[in-house]
K.L.:
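This is the structure I have questions about; it appears just below.
Reminder, nothing fancy here: chain letters follow the sequence lines and each chain counts from 1.
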Amino acid sequence: MKTRIAEIVRDVLLEKLPKDAFCPEISIEIPKIIDHGDFSSNVAFQLTKSLKKSPFQIAESLIDDLKKHKQSKALFSTISAARNGFINFTLSLDFLQKNIKTIRKQDKKYGMSNLGMGKKVLIEFVSANPTGPLHIGHGRWAVIGDDIASLFEYCGFKVQREFYVNDVGNQINKLEESVKAVAQNKAIPNDGYGGAYIKDIAKELKNKISETDFRNILLNDILAHQKETMQKLGVSFDNYFSEKKLHDEEVIEQVISKLTAEGHTFREGGALWFKSEALGDDKNRVLVRANGETTYFAADIAYHLNKYERGFDVLINVWGADHHGYVPRLKAAIEALELPAGRFEVIIGQLVSLYRGSEPVKMSKRTGDMVTLEEVVSEIGSDATRFFLTMNSANNHVNFDLELAKQKSQDNPVYYVQYAHARICSILRKSKIQISKSKENPKSQNLTSLNHEAERILMRKLLDVEDEVIAACRKREPHQIVNYMRDLAQIFHNFYHKCRVLENPSRLMLVDATRIVFRNMLELLKITAPEKM
RNA sequence: GAGCCCGUAGCUCAGCUGGAUAGAGCAACAGAUUUCUAAUCUGUAGGUCGGAGGUUCAAAUCCUCUCGGGCUCGCCA
């Protein structure tokens, strides 16, 4: 909707402005105050300098042409210039009423757009080490990554969800040694893994430790548990990418020789270094250790080269804040390989602290004293976990209160939204009037009676979905969808108290449209939309 | 010491690419149901947007400095 209005404004400006004048980027906003209309534009401010007139004069001079624009009649009841220079647009009731029909006609597709035009997006997230169970932090990356992927899908992109499996390296050696030691009742080696889960695994795989491919059996077992946990959260991946494969296929060596050939490496202390400092990193980084082994970083360069080679238009990584220092070196590598750096971005998610009420829950993998993601999901359920892990900006450190998430009370925001949906379903069940499905001729639906203030506010909010999804996708911020639903729920509940729905066909259709929007957005976030509560 | 993130109501947090009078939930207080789910709604109270400068028509938002908190700084992954 915003882009549609922006286009109208731009059409008028292009016609009206002198040819040599600079046409500013047009932004359409939603005014905070209801008297200022449904949308507003600040173009008049942006033009004061080039036109040498006051914002109000400019705004006024544009009004008539805006009103005359082809599309204006269908959309707006009024367009006016505020005294300070804002141009305010008010949607016509007729347009909002027609949109109810559109919602019901588009049904599951309402809220989707074709912003991406089929461009390919790869989003890599979680990528936990296969050395133990997932924790709540992984849960956050899983949910955020999955939601961002869904946002892209809603906006018309082709999306692949990928999980990178770090199935080689010291940690894996230590893991194997630790499990074997426990299974044979020996002491765990220094720096080994001593968590309670190691015992469980040792018990489970005890009679397989002598097999030659025990390491694979072990890794597959742990990965299977991780997958199972994510499955419970509704998260699944299109692809699990093995680090080991990069080693086996010698792609790492190839990347290293490529970097060396371009003069991006040097030798020192027996190791081969990458000149990342020259490309924005604060240090140079080792690619091949003195003992001849390649580093994790070297493999990661090969992995990202591989991502580019698979032809994606957008490459997104979701990482925990504890890895943020790693970003510059990877960007340096991408630049050194002369890959289009603009396609690559990293979303850093701040960490999660678990609480029970006001008591912090300790999380230490090494001592085994930790609450796993598995435990959290089975304790409070997938819906609450997803909702709580989605509802905050990824930039914010999150305190996750297990007690609150578990409560079936009004303190718990999950129920507020789900309840609105259930309430609508209840009304529709109870209604004796069968409202038509989309098959019926939409012209026969007369919605002109929807003119109550509460009805208008609700219709207006329903119109915003597409803009909200686009904005959330552009900013990679799924929590905006949660905010939208909380607002919508509030608006709906308010409407419900003011307007009786049963026996009123127009309102039944409005409520049905509201149901569709709730369901679509809950579905986007993979939270269930209950019909009864 | 350096880098990244955060600091907004008593608590948890929103605040869109700078925009009009600073927003919600919870907690507190006062109310609402003979009618569609009270897991709901309405109202009241609560703020020097950590602090100080600067940029401009306009700053919670951008820049500099500063204070406080989290994370990171390996030839680990």
Side-chain angles (χ1 to χ4, degrees), chain A residues 2 25 27 29-33 35-36 40-42 45 48-49 54-55 82-86 88 127 129 131 166 168-172 174 191 243 268-273 282-283 285-291 293-297 299-300 320-328 348-351 353 358 391-399 401 404 407-416 418-420 422-431 467-468 471-472 474-475 477 479-480 482-483 486-487 489-490 492-504 507-508 511 532-533:
Chain A
K2 282 184 183 176
E25 182 89 2
S27 82
E29 290 148 28
I30 298 175
K32 280 182 224 159
I33 294 158
D35 294 340
H36 294 153
S40 68
S41 168
N42 62 347
F45 294 91
T48 44
K49 275 192 180 155
S54 78
R83 190 160 293 173
N84 56 10
F86 278 98
N88 295 327
S127 300
N129 290 332
T131 54
N166 307 130
V168 282
N170 286 336
Q171 49 170 359
I172 304 299
K174 282 177 191 163
D191 298 332
E243 180 186 353
E268 192 181 292
L272 184 73
W273 296 71
D282 37 312
K283 279 178 195 169
R285 308 290 174 176
V286 171
L287 295 172
V288 186
R289 287 173 242 174
N291 67 10
E293 285 176 22
T294 53
T295 57
Y296 171 83
F297 175 48
D300 217 15
D322 50 343
H323 287 81
H324 76 264
Y326 194 82
V327 177
I348 297 297
Q350 298 299 312
L351 304 175
S353 307
S358 51
M391 71 182 184
N392 296 117
S393 155
N395 285 334
N396 260 331
H397 182 102
V398 157
N399 295 324
D401 183 352
L404 176 61
Q407 275 174 40
K408 299 208 166 175
S409 76
Q410 54 183 337
D411 301 3
N412 193 333
V414 188
Y415 296 99
Y416 186 70
Q418 289 185 321
Y419 181 65
R423 202 174 216 185
I424 293 170
C425 292
S426 168
I427 296 169
L428 295 175
R429 267 197 307 274
K430 220 159 240 179
S431 168
D467 283 347
E468 293 280 354
R474 281 205 172 119
K475 299 189 72 190
E477 288 186 346
H479 75 275
Q480 290 193 7
V482 173
N483 288 336
R486 292 169 88 160
D487 288 348
Q490 188 171 25
F492 167 73
H493 286 308
N494 178 273
F495 155 81
Y496 174 88
H497 278 263
K498 285 180 181 158
C499 302
R500 185 175 166 79
V501 178
L502 280 184
E503 324 310 331
N504 182 325
R507 283 182 178 161
L508 283 165
V511 150
K532 283 181 187 172
M533 279 175 82

K.L.:
Counting just side-chain N and O atoms, does A:Lys498 come under 4.0 Å of either OP1 or OP2 of B:C41?
P.N.:
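False: A:Lys498 side-chain N/O out of range (4.0 Å or more) of B:C41 OP1/OP2.
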K.L.:
So, A:His397 and B:G70: ring centres less than 5.5 Å apart, planes less than 30° off, yes or no?
P.N.:
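Aromatic stack with B:G70 absent for A:His397.
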K.L.:
Distance alone, cut at 3.5 Å: any donor-acceptor contact between the side chains of A:Asn494 and A:Lys498?
P.N.:
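Present: a donor and an acceptor within the cut-off.
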K.L.:
Give the nucleotide from the list B:C36, B:A20, B:U37 with an atom nearest to the side chain of A:Arg429.
P.N.:
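Of B:C36, B:A20, B:U37, B:U37 is nearest to the side chain of A:Arg429.
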K.L.:
So, OP1 or OP2 of B:C6: does either fall under 4.0 Å of a side-chain N or O from A:Asn395?
P.N.:
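Yes, such a contact exists.
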K.L.:
Below 4.0 angstrom from OP1 or OP2 of B:U37, is there any side-chain N or O of A:Lys430?
P.N.:
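For B:U37, OP1 or OP2 has a side-chain N or O of A:Lys430 closer than 4.0 Å.
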K.L.:
I'd like to know if the side chain of A:Arg285 and the backbone of A:Trp273 have a donor-acceptor N/O pair within less than 3.5 Å.
P.N.:
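No, A:Arg285 side chain to A:Trp273 backbone: no donor-acceptor pair under 3.5 Å.
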K.L.:
Across the strands shown, which category fits A:Ala422 at heavy-atom distances under 4.0 angstrom: base, sugar-phosphate, nothing?
P.N.:
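Base: the residue A:Ala422, judged by heavy atoms under 4.0 Å, touches a nucleobase.
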K.L.:
Suppose we define a pair by two distances each less than 3.5 Å, Watson-Crick or G-U wobble; what does B:A39 pair with here?
P.N.:
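By the stated definition (distances under 3.5 Å), nothing pairs with B:A39.
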K.L.:
OH of A:Tyr416 versus C1' of B:C13: gap in Å, rounded?
P.N.:
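Spelled out: OH on A:Tyr416 to C1' on B:C13 is 16 Å.
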K.L.:
Does B:G7 have a Watson-Crick or wobble mate here (both distances under 3.5 Å), and if so which one?
P.N.:
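Its partner is B:C67.
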K.L.:
When all nucleic acid strands are considered with a 4.0 Å heavy-atom cut-off, which category describes A:Asn42: base, sugar-phosphate, or nothing?
P.N.:
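Base: the residue A:Asn42, judged by heavy atoms under 4.0 Å, touches a nucleobase.
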K.L.:
Using whole Å, what does the distance between atom C1' of nucleotide B:G25 and atom OH of A:Tyr415 come to?
P.N.:
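In whole Å, B:G25 C1' lies 16 Å from A:Tyr415 OH.
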K.L.:
For A:Phe45 and B:A20, give me the distance from atom CZ to atom C1', rounded to whole Å.
P.N.:
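In whole Å, B:A20 C1' and A:Phe45 CZ are 8 Å from each other.
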K.L.:
What does the B/S/- profile of nucleotides 72-77 of chain B look like, 5' to 3', with a 4.0 Å heavy-atom cutoff to protein?
P.N.:
SSSBSB
K.L.:
Between B:U37, B:U40, B:C13, spot the one nearest the side chain of A:Tyr419, thanks.
P.N.:
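So the side chain of A:Tyr419 is nearest to B:U37.
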K.L.:
Give a yes/no on whether any side-chain N or O of A:Asn84 is located under 4.0 angstrom from OP1 or OP2 of B:C57.
P.N.:
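No, because none of the side-chain N or O atoms of A:Asn84 sits under 4.0 Å from OP1 or OP2 of B:C57.
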K.L.:
Using atom CD1 of A:Ile424 as one end and atom C1' of B:A39 as the other, report the distance to the nearest whole Å.
P.N.:
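Value for this atom pair: 15 Å.
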K.L.:
Could you tell me the separation between the CD atom of A:Glu468 and the P atom of B:A14, rounded to a whole number of Å?
P.N.:
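In whole Å, B:A14 P and A:Glu468 CD are 15 Å from each other.
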K.L.:
In whole angstroms, how far is the P atom of B:U40 from the CD1 atom of A:Ile427?
P.N.:
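Taking CD1 of A:Ile427 and P of B:U40, I get 15 Å after rounding.
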K.L.:
Check the phosphate of B:U12 against A:Asn396, side-chain N and O only, distance under 4.0 Å to OP1 or OP2. Yes or no?
P.N.:
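Indeed not, no polar side-chain atom of A:Asn396 lies that close.
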K.L.:
Return yes if some donor-acceptor pair links the side-chain N/O of A:His324 with the main-chain N/O of A:Ala321 below 3.5 Å, else return no.
P.N.:
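Yes, because the side chain of A:His324 sits within donor-acceptor range (under 3.5 Å) of the backbone of A:Ala321.
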K.L.:
Touch check for A:Ser54, heavy atoms < 4.0 angstrom, all strands: base, sugar-phosphate only, or nothing?
P.N.:
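The residue A:Ser54 makes no contact with any strand.
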K.L.:
Heavy atoms, side chains only, cut-off 4.5 Å: are A:Leu508 and A:Leu428 in contact?
P.N.:
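SC-SC contact between A:Leu508 and A:Leu428 confirmed.
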K.L.:
Say you pick atom P in B:G74 and the same atom in B:A14; how far apart are they, in whole Å?
P.N.:
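So the two P atoms sit 31 Å from each other.
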K.L.:
Separation of A:Met391 atom CE from B:U12 atom P, in whole Å?
P.N.:
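For the pair A:Met391 CE and B:U12 P, the rounded distance is 12 Å.
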K.L.:
Select one nucleotide: of B:A20, B:G70, B:G19, the one nearest the side-chain heavy atoms of A:Gln350.
P.N.:
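It is B:G70.
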K.L.:
Watson-Crick or G-U wobble partner for B:G47, using a 3.5 Å limit on both distances?
P.N.:
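B:G47 is unpaired by these criteria.
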K.L.:
Looking at every heavy atom in both A:Phe86 and A:Ser40, which two are closest together, and how far apart are they?
P.N.:
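Taking every non-hydrogen atom into account, CD2-OG, 4.3 Å.
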K.L.:
Please measure how far the C1' atom in B:C16 lies from the corresponding atom in B:A60, and state the result in whole Å.
P.N.:
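To the nearest whole Å, 14 Å.
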K.L.:
Using atom C1' in both nucleotides, what's the gap between B:C4 and B:A22 to the nearest angstrom?
P.N.:
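Comparing C1' positions in B:C4 and B:A22 gives a spacing of 28 Å.
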K.L.:
A:Gln480 has an atom CD; how far is it from atom C1' of B:U17, in whole Å?
P.N.:
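To the nearest whole Å, that distance equals 12 Å.
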K.L.:
Determine whether A:Val327 and A:Ile348 make a side-chain contact, defined as any pair of heavy atoms from C-beta on separated by less than 4.5 Å.
P.N.:
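A side-chain contact under 4.5 Å exists here.
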K.L.:
Give a yes/no answer on whether the side chain of A:His479 brings an N or O atom under 4.0 Å of OP1 or OP2 in B:G15.
P.N.:
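It does, given that an N or O in the side chain of A:His479 lies less than 4.0 Å from OP1 or OP2 of B:G15.
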K.L.:
Check whether A:Asn42 reaches the backbone of A:Phe45 with its side chain - one donor and one acceptor, N or O, closer than 3.5 Å.
P.N.:
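Between the backbone of A:Phe45 and the side chain of A:Asn42 there is no qualifying donor-acceptor contact (under 3.5 Å).
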K.L.:
Who does B:C62 pair with, Watson-Crick or G-U, both distances under 3.5 Å?
P.N.:
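Pairing partner, where one exists within any strand: B:G54.
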K.L.:
Is it possible for you to check whether A:Arg423 lies under 6.0 Å from the centre of the six-membered ring of A:Tyr496, through NZ or CZ, and within 45° of that ring's axis?
P.N.:
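Judged by the rule, A:Arg423 and A:Tyr496 form a cation-pi pair.
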K.L.:
Under 4.0 Å between any heavy atoms, over every strand shown, what does A:His36 touch: base, sugar-phosphate, or nothing? Just pick one.
P.N.:
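Base, at least one base heavy atom under 4.0 Å.
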K.L.:
Compare every heavy atom of A:Pro413 with every heavy atom of A:Arg486, then report the nearest pair and how far apart it is.
P.N.:
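Closest pair (atom of A:Arg486, atom of A:Pro413, distance): NH2-CB, 3.7 Å.
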K.L.:
Within the 4.0 Å heavy-atom criterion, would you say A:Cys499 contacts the bases, only the backbone, or no part of the nucleic acid?
P.N.:
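Counting heavy atoms under 4.0 Å across all strands, the contact made by A:Cys499 includes a base.
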K.L.:
Has the side chain of A:Asn88 got a donor or acceptor that lies under 3.5 Å from a partner of the other kind on the base of B:A20?
P.N.:
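Answer yes: a donor N or O sits under 3.5 Å from an acceptor.
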K.L.:
State whether A:Gln490 places a side-chain N or O below 4.0 Å from either non-bridging phosphate oxygen (OP1 or OP2) of B:G25.
P.N.:
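Checking A:Gln490 against B:G25: at least one side-chain N or O falls below 4.0 Å of OP1 or OP2.
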K.L.:
Checking base pairs now: Watson-Crick or wobble, both atom distances under 3.5 Å. What partners B:A20?
P.N.:
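WC or wobble partner does not exist here.
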K.L.:
What nucleic acid atoms does A:Ile30 come within less than 4.0 Å of, heavy atoms only: base, sugar-phosphate, or nothing?
P.N.:
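Base contact - A:Ile30 has a heavy atom under 4.0 Å of at least one base atom.
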K.L.:
Can you name the one residue among A:Thr131, A:Asp191, A:Asn166, A:Asn129 that meets side chain to side chain donor-acceptor pair (under 3.5 Å) with A:Gln171?
P.N.:
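So, applying the side chain to side chain donor-acceptor pair (under 3.5 Å) to A:Gln171 and each of A:Thr131, A:Asp191, A:Asn166, A:Asn129, only A:Asn129 qualifies.
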K.L.:
Return whichever of A:Phe86 or A:Ser426 has its heavy-atom-nearest nucleotide of RNA chain B closer to the 5' end.
P.N.:
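Closer to the 5' end of RNA chain B: A:Phe86.
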